[in-house]
Number of protein chains: 2
Amino acid sequence: MGHCHKWGQKFIDFGFRLTAARECIFEILLKTDAHLSAEDIYMAIHKINPAIGLTTIYRTLELLEQNGIVRKFEFGHGRAKYELNEEYEGKKHHHHLICEKCHKIVDYSEFVKEEKEYIKKAENGLEKKYGFSIKDHLIDFYGICPDCKKE
Amino acid sequence: MGHCHKWGQKFIDFGFRLTAARECIFEILLKTDAHLSAEDIYMAIHKINPAIGLTTIYRTLELLEQNGIVRKFEFGHGRAKYELNEEYEGKKHHHHLICEKCHKIVDYSEFVKEEKEYIKKAENGLEKKYGFSIKDHLIDFYGICPDCKKE
DNA sequence: TTAATAATGAAAATGGTTTTCATTTTCGTT
DNA sequence: AACGAAAATGAAAACCATTTTCATTATTAA
Ligand SMILES: [Mn+2]
Ligand SMILES: [Mn+2]
Ligand SMILES: [Zn+2]
Ligand SMILES: [Zn+2]
């Protein structure tokens, strides 16, 4: 385990140990472009290392989230979904398109310029008016996906 | 129960019965400007009519949600929160400012003009590119509220 | 009034997530 | 290499918001 990607070093710097389970969970998140639940990850990891338990998945995901390595989403369809923070994937800043029927989640990165303009203005104004220190934002669009429209 | 506000008529038109419990839940949502959980509503209703059970609260909220009368939010702090749809309150279109520490939720209605511009452009573009029929959107800002900053 | 249907409360079940606890692994120090 | 403290782990149990079940009650239309 001597190599240590940049995230691994960051992880160690935080004071945590870089175990097989943790590396494996990170790798799974890195390879996918989907939004995985804890159980999705558990099933994926089970093929590689059946000894790793679901509890460890939950614990690792919480750890990763608290240290800004993964983002946790509660879209309200039963289970939380996780994805690697944008800086760790090749991904750009993005938001989500959510199908109200089949619960499919699609990333989109369009209209960033317009978004930035609106967000910057809103953030500044809201910080001033409501006294919040704003750190993050979330934009979701809800609708019906093309597959579900066919039915 | 002969009077029947506009929402009540709408409710009956949908084919449902306008019972005491349902009216009471609606009234509670109408009077508050907070974002209530099912249990918040249960506790509020309990003082007025202790016979109404928590199950009815959940069932009514689901019914109201499915018919566009209330909006359900899963902010990810354990329990879902409900608020009356904008058209039923005196409220304008609004979004949320969420404190990551104390989980306080603040409504804001500022920057609607800028928001509309961005949303319209994004919606049109995304519908075209991803084939979704977009029906709704959600914008949240996350940060630290003024009270939590003091500590 | 009557019968069909809808709504209800209490209790039990559900299911994703967290906690507990005994055991194992890791890592800095000998 | 061996040691010992601290961290990480898995299995099982607990948790807890929400849903389901089911027997009873309320509402409605005829
Ligand atoms: Mn995403
Ligand atoms: Mn609100
Ligand atoms: Zn769909
Ligand atoms: Zn706060």
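Throughout, a chain's letter reflects where its sequence line sits, starting with A, and its residues are numbered from 1. Note: hydrogens, waters and symmetry copies are ignored here, and every other heavy atom, side chains too, is used. It should be emphasised that the depicted structure is a prediction, and the values quoted were computed from it without experimental measurement.
- A donor-acceptor pair under 3.5 Å links the side-chain atoms of Lys149(A) to the main chain of Gly131(B), judged by distance alone.
- Closest to the side chain of Arg22(A), from the set dT8(C), dT19(C), dA8(D), is dA8(D).
- For the pair Gln66(B) CD and dT19(D) C1', the computed distance is 13 Å after rounding to whole Å.
- Taking atom OH on Tyr58(A) and atom P on dT9(D), their separation rounds to 16 Å, with Å as the unit.
- Rounded to an integer number of Å, the gap from OH of Tyr42(A) to C1' of dG16(C) is 14 Å.
- The CD-C1' distance, from Glu39(A) to dT17(C), rounds to 11 Å in whole Å.
- Between the CZ atom of Phe11(A) and the P atom of dA7(D) there is a distance of 13 Å, rounded to whole Å.
- Panel note: side chain Glu127(B), backbone Ile134(B); a donor-acceptor pair is recorded below 3.5 Å.
- Residues Ile144(B) and Leu126(A) fall into different hydrophobic clusters, defined by Ile, Leu, Val, Met, Phe, Trp and Tyr side chains chained together at heavy-atom separations under 4.5 Å.
- The distance from atom CZ of Phe16(B) to atom C1' of dA6(C) is 11 Å, rounded to the nearest whole Å.
- The side chain of Thr19(B) contributes an N or O atom lying less than 4.0 Å from OP1 or OP2 of dT8(C).
- For the pair Gly78(B) and Thr55(B), both in contact range of DNA chain D, the more 5′-proximal nearest nucleotide belongs to Gly78(B).
- Between the side chains of Tyr118(B) and Lys121(A), not a single donor N or O lies within less than 3.5 Å of an accepting N or O.
- A sub-4.0 Å separation between OP1 or OP2 of dA8(D) and a side-chain N or O of Arg17(A) is absent.
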